Amino acid sequence: MSSCKVCVDAGVCKMKTIITAKDNGMGMVDVTLESDCPNILRLSWVLTEPLSPYGEVEAEFSESTVYKLCEGRIPHTACPVPSAIVKAIEVAGELGLKRDVSITFLEDERAFWTDPIITIY
């Protein structure tokens with residue numbers, strides 16, 4: 001059985017969330033949320049049933065169980081937590097690899113494209 005734990009620092013709100021996703025051995029993933037955000041806590045109260053990793057990863061945004069449960073509970077659509085929940089489900093369901101994700105604000109987009117770490121041959 002696969003599992004993963006993800007920490008989300010949501011940014012300017014300074015709220016943090018720990019997402020734990022565990023394969024339950026029956027092809028479904030159990031998700032638990034710990035957060036100092038009251039909106040994420042409200043989400044945790046209804047995110048109680050195991051979720052299908054295939055169903056979440058392949059769903060249209062409007063059909064994802066996670067995003068449907070966020071409706072009316074997460075008032076800020078730019079909140080990165082719902083996406084992180086789906087990513088954790090994907091990894092716990094062995095449909096994806098553990099790889100950090102980031103959002104970086106750029107003052108000058110040329111700095112991104114000329115970063116010395118990126119080499120184009």
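Just so it is clear, the structure is predicted and the values come from calculations on it, not from any experiment. The figures here come from the full heavy-atom set of this structure, side chains too, leaving out hydrogens, waters and symmetry mates. Numbering of residues begins at 1 and proceeds along the displayed sequence.
Counting only distance, with no hydrogens or angles, the side chain of S35 and the backbone of C37 share a donor-acceptor pair below 3.5 Å. Under the 3.5 Å distance criterion, the side-chain polar atoms of S52 are left unmatched by any main-chain donor or acceptor of M28. With E56 contributing its side chain and E90 its backbone, the two residues share no donor-acceptor pair below 3.5 Å.
Between atom CE of residue M15 and atom CG of residue D9 there is a gap of 11.0 Å, rounded to the nearest 0.5 Å. For the atom pair L97 CG and R99 CZ, the distance stands at 9.5 Å (nearest 0.5 Å). Interatomic distance, R73 CZ to N39 CG, rounded to the nearest 0.5 Å: 11.0 Å. Of the inter-residue distances, the one linking C70 atom SG with H76 atom NE2 reads 13.5 Å to the nearest 0.5 angstrom. Put simply, CG on D36 and CD1 on I18 are 9.5 Å apart, with the number rounded to the nearest 0.5 Å. Note that the CD atom of E58 and the CG atom of L95 stand 8.0 Å from one another [nearest 0.5 Å].
The other residues sharing a hydrophobic cluster with L69 are V6, V8, I19, V29, V31, L33, I40, L43, V46, L47, L51, F61, V66, Y67, I74, V81, I85, V86, I89, where clustering joins ILVMFWY side chains under 4.5 Å apart.
Taking every heavy atom of both residues into account, A10 and P80 meet most closely at CA-CG, 3.9 Å. Of all non-hydrogen atoms in A92 and S2, the two that sit nearest each other are O-CB, 3.2 Å. Considering all non-hydrogen atoms of both residues, K5 and T20 come closest at CE-OG1, 3.3 Å.
With salt bridges taken as basic N to acidic carboxylate O contacts below 4.0 Å, one links E63 and K68.
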